[in-house]
Amino acid sequence: MATEKLISDDGIRNDGRKIDELREIKFDIGVLKNTDGSAYVEWGRTKILVGVMGPRESHPKHLALADKARIDAFYRMASFSVEEWKSPAPSRRETELSKVIREALSPAVFTEYFPRTSIDIFIEVLQADGSTRCAAISAASLALVDAGIPMRDLVASIAVGKVDGQLVLDVQDKEDKEGESDMPMAYMPSKNAVTLLQMDGQITQEEFARSIDMLKKGCLEVYRLQRDAIEAHFKVSESSNEEA
Amino acid sequence: MATEKLISDDGIRNDGRKIDELREIKFDIGVLKNTDGSAYVEWGRTKILVGVMGPRESHPKHLALADKARIDAFYRMASFSVEEWKSPAPSRRETELSKVIREALSPAVFTEYFPRTSIDIFIEVLQADGSTRCAAISAASLALVDAGIPMRDLVASIAVGKVDGQLVLDVQDKEDKEGESDMPMAYMPSKNAVTLLQMDGQITQEEFARSIDMLKKGCLEVYRLQRDAIEAHFKVSESSNEEA
Amino acid sequence: MATEKLISDDGIRNDGRKIDELREIKFDIGVLKNTDGSAYVEWGRTKILVGVMGPRESHPKHLALADKARIDAFYRMASFSVEEWKSPAPSRRETELSKVIREALSPAVFTEYFPRTSIDIFIEVLQADGSTRCAAISAASLALVDAGIPMRDLVASIAVGKVDGQLVLDVQDKEDKEGESDMPMAYMPSKNAVTLLQMDGQITQEEFARSIDMLKKGCLEVYRLQRDAIEAHFKVSESSNEEA
Amino acid sequence: MSARIIPVVKRKQIIELSDSGKRTDGRSLTDYRNIEIIIGDIDKAEGSATVILGGTRVTAGVKFEIGDPFPDTPNEGVMQVSAEFVPFASPEFEPGKPDETAVELARVVDRGLRESKMLDTSKLCIEPGKRVWICHVDLYILDHCGNLIDTAALAGLCALLSAKMPEAKVKGDTVELTGKKLPMPFSGIVPINVTLAKIGDKLFADPSFEEEEVLDCRLSVAFMQKGDDEKSLMLCAMQKGEAGYMTIEEVTRAVELAKLKSQELRSLVSSKVNING
Amino acid sequence: MSARIIPVVKRKQIIELSDSGKRTDGRSLTDYRNIEIIIGDIDKAEGSATVILGGTRVTAGVKFEIGDPFPDTPNEGVMQVSAEFVPFASPEFEPGKPDETAVELARVVDRGLRESKMLDTSKLCIEPGKRVWICHVDLYILDHCGNLIDTAALAGLCALLSAKMPEAKVKGDTVELTGKKLPMPFSGIVPINVTLAKIGDKLFADPSFEEEEVLDCRLSVAFMQKGDDEKSLMLCAMQKGEAGYMTIEEVTRAVELAKLKSQELRSLVSSKVNING
Amino acid sequence: MSARIIPVVKRKQIIELSDSGKRTDGRSLTDYRNIEIIIGDIDKAEGSATVILGGTRVTAGVKFEIGDPFPDTPNEGVMQVSAEFVPFASPEFEPGKPDETAVELARVVDRGLRESKMLDTSKLCIEPGKRVWICHVDLYILDHCGNLIDTAALAGLCALLSAKMPEAKVKGDTVELTGKKLPMPFSGIVPINVTLAKIGDKLFADPSFEEEEVLDCRLSVAFMQKGDDEKSLMLCAMQKGEAGYMTIEEVTRAVELAKLKSQELRSLVSSKVNING
């Protein structure tokens, strides 16, 4: 629990942000050479690489689905990504996050276009400073686009927390650990579709309602950054094509 | 080793039983909804659930046998079933018991009726208070009957121990741990077939002979309870069929 | 690091050998009953059994190679083979040694004669007293011959170490642990082929050149012992055939 | 492929029925199935409960073990929730296979119990920085007929509420167990988990196995409350599961519905076990 | 399927031969194959033995390690028997696969040694409640030509009887090894395991690999005796194995036969190693 | 089978080109690809570096943890190198599968760093015999376009050289972290690993992925040197890899070539990070 205050009297958080301000977010698309699609995100100090392999033959074969592609997500944290050295064996937390991230991204993918194949989404958290699942989902959407996989919409994601009794947008590590609650959401704006929603901590029903509003606005902001990144990436690709 | 006596001077054991008296045993047949056959037993404080799946396709296929069904048994103890919290990873003891239980039940099953299939017997010890393998085998026989699998006979099982120098029937936990020996046997009465026999501790050859006699009598008593349970179960099934 | 000297002033090592003298090496061929080929070596106090299975069907099948046999080597140390009790779970050292031993032996085998099959080389170190990989490779060559697998040449192996500043041939355990370097090599004399070469410790380039010379001579000596062992083995087999 | 056609047909039936507020087993959309709660059935455990919700059966046991504290909370004991799928609970469980479903189940139940602060873990400390009680809450899934999360959450809650903890005394270098059992350090707060399934555009409380096979997604919401004090009612955990989605309006409706159902379930728990330990 | 026809034919042959008291390798039904015992072949171990019974070969090594006592026996050291199947011992062993056969083998050998009380584990305690000797008895199955249990039991017994234990001295907070080797705390009791196979209606001592492939079941019986004192002869472990059965009369005959054979084997052991340590 | 024909054709091309001293990507036989070194990119680690060699990318992180010393070196800390293959680094890596290639990679990098004695591990001791620093050097393979060993060795070296170690103070029974960061106990020695591939009768420095697919074997040679002192230049580790062979003359040529290339790479490292810590 917090002993020092995390939000100053004039509403400034311990990293200088306002209550509803996002950290600096930088997406890079197409950064890996051995994948079908990839993206890198720096989200404040959080740094994540995502690689997509597929659609490709399912292995082992009996896992293939007759009418659609099988999507798998693997969320892993590098041993040096957190304060204390982490064993590389996947923790129960990593297992759960792999599941909810897969379920957050699946509704966006036209899996029915690729029956009997697998799409594997590999997420490597190089440095973790809060909201890694949100950053991972947002970057993975871009990696899927980079892989040329048709999608219903991008999935944008962000978290709202309660810190010193106030709701704040885009929770970083210190706020997550010392704050009162954490509530990440993933959202497809064009579908009004909540594809991930989790919460832990204590909030009133009224705070829940306000959180949902903030999450929606935050997701739209991330969505805009994702679209900017795609535009920038394809502009570069195009101009380099023209040069060629 | 015992510091206090486990048997009183007038031949009463520490749980009030006589030397050759069984604990209260209650069998229930058909207690699970997702199995092909099931049974539950309360045997004193020992509580065990058994579920049978099969005959069903062997998986992986190369384990299937061309001329008969493959039988597997899985004996597991719940983490809270014993005095000290038990890790859910199977211990070497659970591995060995799974093997001897499978070998105790196999001779009773007409496996040749179901070539290329598997019959899996899952045993979950919810509470362990001695003689769990005997209780498990006896209940598994009933679960196999419930699954409609044709059998040569029921397998009944019980243990004899040596406590304070005397042979006693149906060993419970305290007698097992503080006593001088434990000797479980499984038996098909109509075939005079000993399908499980183990012993640890020290006994003379004369005590061995007497133990065998007691085990045979004890198994016949368990056998009677098993048949009563089957009769009761099918009477109930029948009457509920009539009602329908 | 050495506190006492490992080499006396008149150039005698702590086990009585001269600088360039091998330990007593005894090869036995065809010592196991359940393999296709086997060999046993006592190399000073180092004792190793090698069994070869194959060429046989690859399992699982998808590991089979279309144009040649697949070779695998499994180097394992018995729990009692070293000073401190060793867990039987394969260590990272055993994993690496399995790989380099496989790569040391592969160039000698006419794998192209046996497409779609596997040749498995199982190495069990019963007692380890230095240079176990060299002894294992040298014995495995004989086990492959015993299995009737056609080979380009025998692979002979030995190590050179630096001890008290001097280069010595055939490093035993104490010299390996307290010495300044260890450099094992495997060699097919008729091909002038170095099939294994490793080094750890610190040596000058001049010492490296001298080491290579010593290693070559040492390998030729081991090679002679290997050929003697084969000759002795087939002489015995022949005469026992004649008797039959 | 026929295996995948059946769910499609079933889903259509279930959606059509739901348009008139009905379900295949006769319940209304907001009804739970029958709930049976057995307290203390595993008397060798420090606490235990079996909950049978419809046909779904979970036995939870609480065991104490002496262990090391986490480095960042040296003065607190540890509550640890785990879930085991017994293979006879469903034809789909394979023995010995680690399962993300079991991991998610355990972690969702864990968060509901933990975040409510129903248990004061600082009272589980034996020797600060050195030795603490590890309180295992182990959930054994014995029969799976749908809605494992709510069943397991109830079983875990009741097992915990029925538990007594062993008394330990530090004697110089060692710890001595007195053999006495102490009341658990409960706060009177009771968290209840309610799972709603979305199928088509309807929400279904307490989904059956059949409904789970065809759902779009589920939302599990834990509400906590201290005793009868309705003003203390708060959300303490949420988890959306499965590969479909809800709209924001559906999420809001689900939370509202979960609040109502949590009160019903909390009453039931209070009638079975003393919520103050 | 031809693979399964061969055993049927073999079984018939073996049973027919046995009717005239004979076996395929020329032995009588109660004969053991030739037994070779090598003591101390692994001189880096604290004790070791290799036993070759017919073609079956097991090397056992004894190693000491300092460890924690079990909570329920704080003043006793630990003897721990394990078995490893080296993959070249049989074409059927796969590397790295845990095997119930190895587990059963180790546990049967363990029970024979342990229940006989040949070793006084209280003498393996270094500091009560804190540090004890763990005495590893590791059985390496190197060649499998039938009757692993008896071979491994003999190898484990001989390795143990040939062992010396290291001397440890408690110095304040730490333990110092003096480098001296002490005699083991043996009681003079020697347990011997004898395995009988039932094939048809006959009992076969020391079954060969071929016989094991076609047997109905086996019964392993351990008899212990202190020195030459035949009055101290007692059973100390039994294990029925494999999926067939014996009648009660066959069990009784098997125990009688095992008693006789155990005396022969005990004499052999006594001639190779000092049974008092 | 076509999958195996392509390498055969490629190998022919590569060998033909090499006869005129050329490679498919325009390099000479002794050229390295472009090397980018980023220091300190993981600021939560005590030291970190990312090295991009051609397209091959490895991020190394250094983390400290308090642990037990090894029994045979009670007064020394522990440096531990491990390698993780992230599955997106190559279509051939499968998640969760232990891999002998990763084990070999980690151990080769480890030997180069360790045997050079660049780090004085006795200075990583906190309390002799009781508590030491474990210095994890973890290599994450993020993109594999050939020559993993040299890339990983450079990344590990640079991460280590950029690291600071935490200050720990013993207070009675416990250890307190002051929060201060101390310089690492470096000796000024820098080991550099150079890998040569043999294809046909030529040696290729810094093999690309394409070249690795068709090579006969590789030889990795680590040369160490203290500062600018060329007289201190020595070999400190070697590893031949893959299933082909080299002649003794090729080995000698490879060592000579590795010496030259190691000097180039050492200059590059010195320009990026202070080699004295």
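Within every chain, numbering begins at 1; the chains are lettered A, B, ... in the order of the sequence lines, protein sequences first and strands thereafter.
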Query raised in the report: D:Thr151 and side chain to side chain contact (heavy atoms under 4.5 Å, CB included): which partner among D:Val51, D:Asn193, D:Asp143, D:Thr50?
Result: D:Val51
Query raised in the report: By a 4.5 Å heavy-atom criterion (distance strictly below it), what part of B:Val31 contacts chain D: side chain, backbone, both, or neither?
Result: backbone
Query - Among the listed options B:Val82, B:Val52, B:Leu49, the residue most often paired with chain D at heavy-atom distances under 4.5 Å - result: B:Leu49
Report task. Could you look at B:Ser38 and say if it's the side chain, the backbone, both or neither that has a heavy atom under 4.5 Å from chain D? Result -> neither
Requested in this report: Answer yes or no: does atom CZ of B:Arg152 have more than 12 heavy-atom neighbours from other residues, nucleotides or ligands under 6.0 Å?
Outcome: yes
Query raised in the report: Does any heavy atom of chain D fall under 4.5 Å from the side chain of B:Asp173, the backbone, both, or neither of them?
Result: side chain
Query raised in the report: Among B:Arg56, B:Arg70, B:Arg102, which residue meets the salt bridge (Lys or Arg N to Asp or Glu O under 4.0 Å) test with B:Asp120?
Result: B:Arg56
Requested in this report: Check whether D:Leu142 gets within reach of chain B through its side chain, its backbone, both or neither, counting any heavy atom under 4.5 Å.
Outcome: both
Report summary line: When the 4.5 angstrom heavy-atom criterion is applied to B:Ala89 and chain D, the contacting part is neither
Query raised in the report: Going by atom types alone, do D:Thr101 and D:Glu104 pair a side-chain donor with an acceptor below 3.5 Å?
Result: no
Query raised in the report: So which of B:Lys174, B:Glu178, B:Gln172 actually passes side chain to side chain donor-acceptor pair (under 3.5 Å) with B:Asn14?
Result: B:Gln172
Query raised in the report: Where on B:Lys47 is there a heavy atom nearer than 4.5 Å to chain D: the side chain, the backbone, both, or neither?
Result: side chain
Query raised in the report: Honestly, is D:Arg27 close enough over D:Tyr32, meaning NZ or CZ under 6.0 Å from the six-membered ring centre and within 45° of the axis?
Result: no
Query raised in the report: Looking at D:Glu46, D:Arg57, D:Glu65, D:His136, which has the largest count of heavy-atom pairs under 4.5 Å with chain B?
Result: D:His136
